[in-house]
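Quick notes on the structure that follows.
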Amino acid sequence: NAGVMQNPRHLVRRRGQEARLRCSPMKGHSHVYWYRQLPEEGLKFMVYLQKENIIDESGMPKERFSAEFPKEGPSILRIQQVVRGDSAAYFCASSLGQKETQYFGPGTRLLVL
Amino acid sequence: KQEVTQIPAALSVPEGENLVLNCSFTDSAIYNLQWFRQDPGKGLTSLLLIQSSQREQTSGRLNASLDKSSGRSTLYIAASQPGDSATYLCAATQGGSEKLVFGKGTKLTVNP
């Protein structure tokens with residue numbers, strides 16, 4: 001059973017471009033979470049999704065950031081018009097259900113030039 | 001609002017020593033608490049999950065305890081090895097939600 005998969009592992013964008021980060025949960029998992037780890041800071045929750053539904057987006061910045069988890073395919077975290085402050089490691093996690101262990105992917109390291 | 005604190009921020013021990021990592025949280029209305037390890041430049045590996053109704057969990061040389069009344073959890077590592085060197089993260093759910101609130105971690109170095 002493959003773990004949580006994220007791609008790309010590294011992404012370089014120039015200011016103003018768009019970044020698309022993909023996450024494939026573990027097989028059988030329908031709950032997906034996105035977290036961000038800024039340099040020298042701890043991990044911060046961004047959003048919690050189930051298939052086709054956003055359950056909790058209380059950690060998402062109000063502008064430029066969006067997330068989806070369609071019926072088919074991976075979950076996508078989209079950052080429009082990136083700025084240097086968006087440079088961070090973005091981690092996706094998945095779980096089998098509520099109150100279950102969250103398993104993390106290897107992360108996507110975004111660098112904005 | 002849940003806040004998670006980990007002490008110490010860094011710890012260096014000789015190989016073979018038993019050690020304890022500490023985690024405290026402010027909101028006791030948690031679903032569960034998880035311990036992870038993170039190696040440099042890598043993702044998080046889940047070590048142990050303790051449900052709110054449990055007092056401890058064990059996996060191999062690791063034992064995690066949970067005391068909701070005092071807002072504390074400890075991770076005990078027996079007979080430490082150089083391969084245990086990593087940053088250990090504690091994360092508690094925020095009351096009534098699935099989101100994990102992380103501490104800043106304890107960076108452990110086990111010297112051969």
Side-chain angles (χ1 to χ4, degrees), chain A residues 2-10 21 23-26 29-50 53-60 67 69 88-111, chain B residues 1-7 9-10 21 23-27 29-54 57-59 62 64 66 68 86-107:
Chain A
V4 177
M5 302 182 70
Q6 292 187 248
N7 66 81
R9 295 288 303 275
H10 299 273
L21 287 62
C23 169
S24 296
M26 288 179 70
H29 287 194
S30 60
H31 297 240
V32 166
Y33 316 80
W34 286 92
Y35 294 83
R36 177 166 67 173
Q37 188 172 37
L38 292 165
E40 307 305 322
E41 292 190 21
L43 280 95
K44 304 287 187 190
F45 168 83
M46 298 182 77
V47 63
Y48 163 38
L49 310 103
Q50 293 180 29
N53 287 305
I54 295 175
I55 307 301
D56 182 352
E57 56 181 348
S58 58
M60 288 280 270
F69 189 18
Y90 291 83
F91 291 97
C92 168
S94 73
S95 69
L96 196 57
Q98 291 183 333
K99 305 182 186 180
E100 298 286 340
T101 300
Q102 293 183 25
Y103 294 93
F104 280 71
T108 293
R109 280 150 183 84
L110 172 66
L111 175 63
Chain B
K1 180 186 172 186
Q2 181 72 278
E3 293 181 8
V4 177
T5 304
Q6 291 186 249
I7 296 173
L21 306 180
C23 171
S24 61
F25 50 94
T26 55
D27 183 358
I30 60 173
Y31 285 155
N32 57 54
L33 184 143
Q34 279 190 251
W35 283 93
F36 299 87
R37 72 173 275 168
Q38 184 176 28
D39 295 280
K42 301 287 180 63
L44 280 69
T45 300
S46 178
L47 297 174
L48 289 164
L49 176 141
I50 312 178
Q51 298 287 0
S52 62
S53 58
Q54 297 174 323
Q57 282 288 328
T58 298
S59 176
L62 305 179
L66 175 65
K68 283 193 346 179
T87 296
Y88 289 80
L89 298 168
C90 167
T93 55
Q94 180 154 308
S97 79
E98 295 292 318
K99 64 183 175 186
L100 291 174
V101 178
F102 282 83
K104 292 190 175 181
T106 294
K107 184 176 182 180

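So that the names make sense, note that chain A is the first sequence line, chain B the second, and so on, each numbered from 1.
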For chain A, find which of K104(B), K42(B), K99(B) contributes the most heavy-atom pairs closer than 4.5 angstrom.
K99(B)
State the CZ-OG1 distance between F25(B) and T93(B), to the nearest 0.5 angstrom.
9.0 Å
Select, from N32(B), L44(B), V4(B), the one with the greatest count of heavy-atom pairs under 4.5 Å involving chain A.
L44(B)
What part of Q34(B) gets closer than 4.5 Å to chain A, counting heavy atoms only: side chain, backbone, both or neither?
side chain
Where does Q51(B) contact chain A at under 4.5 Å (heavy atoms): side chain, backbone, both or neither?
side chain
Exercise: identify the closest heavy-atom pair between G43(B) and F91(A)
CA-CE2, 3.5 Å
Which one, G105(B), G41(B), S52(B), leads in non-hydrogen pairs under 4.5 Å with chain A?
G41(B)
By side-chain contact (heavy atoms from CB on, under 4.5 Å), which residues pair with E57(A), not counting sequence neighbours?
V47(A), I54(A), M60(A)
If one checks every heavy atom of L89(B) against chain A at 4.5 Å, the contacting part turns out to be side chain
Sequence neighbours excluded, which residues qualify as side-chain contact (heavy atoms from CB on, under 4.5 Å) partners of S95(A)?
H31(A), Y33(A), E100(A), Q102(A)
If you compare all heavy atoms of S30(A) against all heavy atoms of F69(A), which two are closest, and at what distance to 0.1 Å?
O-CE2, 3.6 Å
